[in-house]
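Atoms within a ligand are numbered from 1 in the order they appear, just like the ligands themselves.
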Amino acid sequence: MLTVTEASERIMAEIRQLDAESVPLKRALGRVCAEDISATVTMPPWSNSSMDGYAVRSADITPVMGGERVTLRVVATIAAGEFAPRPLKRGEAMRIMTGAPVPEGADSVIRKEHTDGGKKKVEIRDALDVWKNIRPAGEDYQRGDVLAKRGAPIRPALLGVLASSGISKVRAFRRPRVAIISSGDELVDIDEFDAVVAQRRIVSSNSYTLDALTRVAGGIPVDLGIAADTKASLKRKLEGARDCDLILTSAGVSVGDLDHTRNVFEELGGEQKFWKVKMRPGAPLAFGMLKDIPWLGVSGNPVSAMVSFELFVRPALRKMQGHAGLFRRTVTVTVEEEVKIGAKLTHFLRAIVRRTADGTLVARLTGQQSSGMLTSMVKANALLIVPETSPKVAPGSQLHALMLDQSLEETSAFSL
Ligand code: AMP
Ligand code: MG
């Protein structure tokens with residue numbers, strides 16, 4: 001049996017970055033740039049005012065520094081989107097709005113509050129703004145500057161920067177198409193819920209969690225439905241995954257009489273790379289390559305399927321999309337209760353991690369840890385990692401926890 005780290009390394013060694021495609025800017029959010037992108041213009045394109053006020057020549061208002069008041073002739077008004085009709089001359093001011101181009105000859109914008117607000121002439125009462133309130137052309141970036149390097153994640157700010165430079169399409173790595181196949185004669189989809197009510201079947205909840213996890217990880221789920229526990233049915237489903245970038249099956253990889261997935265995979269020409277990982281939940285993990293398509297077969301237990309996805313599938317999908325950061329962050333936490341594990345396996349226990357008033361991170365378990373209890377995943381924001389070498393962990397001890405979401409960073413009240 002491989003350790004979790006060994007299994008992860010074996011999988012990641014087979015995963016290749018996908019090819020790039022051209023994507024409309026707004027659709028590129030969350031993807032990764034496949035090439036360097038340079039600025040086509042200079043931003044801002046002209047020096048502009050950062051205040052509503054009066055564009056002036058500092059030489060004209062030096063007396064204000066000595067406590068005097070100076071009156072200038074107002075010769076024009078420049079709104080954002082307009083340009084000054086002519087350069088500013090000695091003794092003159094122009095009314096100017098935020099974002100409007102500063103006229104040639106002006107070197108300061110005196111904010112309106114430091115004047116009498118006059119329209120024909122203006123009295124300058126305060127010289128605090130001498131040399132100020134002008135945003136020079138190119139202060140954000142210059143034409144030719146690299147705005148994004150190959151490998152840069154496309155986040156909202158970068159989208160805005162690219163838009164400002166007129167870039168309407170970007171080359172980004174493709175999102176992986178993930179074939180999702182559930183298997184088991186006990187399973188139905190929601191539209192056959194009558195069978196569940198009759199206590200004959202359960203809903204394939206993995207079809208929903210794995211679909212959602214795939215989307216959150218940037219992939220495109222391709223739901224191939226539920227295979228029956230027969231070789232023929234599994235074969236048909238696996239064949240339907242031919243144009244996908246990754247195959248994700250759940251269930252049928254244990255040692256039960258009807259656990260056919262691994263056999264069918266090999267009968268189709270797949271090469272199984274390993275089976276089983278020293279972890280709980282999710283020990284019966286299978287990994288292989290079907291021609292050049294990676295296959296991960298996770299245990300059907302709803303929690304096992306999710307934990308295996310987090311540990312092994314998500315990093316693979318991120319690598320395919322060109323991300324540099326592939327793995328979830330682990331943090332050191334202090335456990336608030338005694339933690340015991342049984343089997344000699346690395347345990348990933350569902351936990352709630354929170355930050356106490358003094359800033360330390362503490363963890364408590366969500367309760368019972370059965371791998372069939374999907375509600376425990378609803379409560380958890382982290383997986384507490386208990387090494388096989390620590391069968392009993394006393395309260396107050398430190399362990400690592402894998403953070404599953406950003407809820408630690410979010411609070412209900414704004415505070416600084
Ligand atoms: P298996 O991996 O086939 O041994 O299944 C392990 C457990 O997971 C069994 O209790 C199954 O009923 C359950 N299970 C398998 N597939 C799913 C699924 N798609 N959704 C919810 N539960 C499942
Ligand atoms: Mg089964």
Quiz prompt | Main-chain N/O of A13 paired with R16 side-chain donor or acceptor, under 3.5 Å | solution =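 Yes, R16 side chain to A13 backbone: donor-acceptor pair under 3.5 Å.
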
Once you restrict to heavy atoms under 4.0 Å, what part of [X] touches ligand 1? Side chain, backbone, both or neither.
| X | value |
| --- | --- |
| I202 | side chain |
| L187 | side chain |
| S182 | side chain |

Self-check item: G300, any N or O under 3.5 Å of ligand 1 N or O
Solution: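 In this structure, G300 places an N or O atom under 3.5 Å from an N or O of ligand 1.
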
Exercise. Using distance alone, determine whether P302 and ligand 1 share an N or O pair under 3.5 Å.
Key: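 Between P302 and ligand 1, no N or O pair is found under 3.5 Å apart.
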
Distance from [atom] to nearest protein heavy atom, with residue and atom:
| atom | result |
| --- | --- |
| atom 12 (O) of ligand 1 | E186 OE2, 2.6 Å |
| atom 10 (O) of ligand 1 | N301 OD1, 4.2 Å |
| atom 19 (N) of ligand 1 | S204 OG, 2.9 Å |
| atom 18 (C) of ligand 1 | N206 ND2, 3.2 Å |
| atom 4 (O) of ligand 1 | S254 OG, 4.0 Å |

Exercise. For this output row, return yes or no: ring centroids of F83 and W46 closer than 6.0 angstrom.
Key: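 They qualify: ring centres under 6.0 Å apart.
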
Decide whether [X] and [Y] meet the rule of one side-chain donor and one side-chain acceptor closer than 3.5 Å.
| X | Y | answer |
| --- | --- | --- |
| R31 | Q321 | no |
| N206 | S204 | no |
| R350 | T366 | no |

Self-check item: D129 side chain near Y54 side chain, heavy-atom distance below 4.5 Å
Solution: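 Answer no - side chains too far apart.
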
Quiz prompt | Heavy-atom side-chain proximity of M279 to V307 below 4.5 angstrom | solution =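 When only atoms from C-beta onward are counted, V307 and M279 do touch, with a gap below 4.5 Å.
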
Quiz item: Considering all heavy atoms of both residues, which atom of D229 and which atom of S183 are nearest to each other, and what is their separation?
Solution: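 Closest pair (atom of D229, atom of S183, distance): OD1-C, 4.3 Å.
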
Practice problem: Provide the number and element of each atom of ligand 1 under 4.0 Å from a heavy atom of G252. | Solution: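 It comes down to these atoms of ligand 1: 1 (P), 2 (O), 3 (O).
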
Quiz item: Near A251, which atoms of ligand 1 are under 4.0 Å from a heavy atom of that residue?
Solution: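 Once the distances to A251 are compared, the set is 1 (P), 2 (O), 3 (O), 15 (C), 16 (N).
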
Quiz item: Looking only at heavy atoms of G372, does any of them come nearer than 4.0 Å to an atom of ligand 1?
Solution: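 No heavy atom of G372 comes that close to ligand 1.
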
Practice problem: Could you tell me if any non-hydrogen atom of S205 lies under 4.0 Å from any atom of ligand 1? | Solution: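 For ligand 1, residue contact (heavy atoms, under 4.0 Å) with S205 is present.
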
Quiz item: Under a 4.0 Å N-O cut-off, is there an ion pair linking E113 with R125?
Solution: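 Salt bridge between E113 and R125, a charged N being under 4.0 Å from a carboxylate O: no.
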
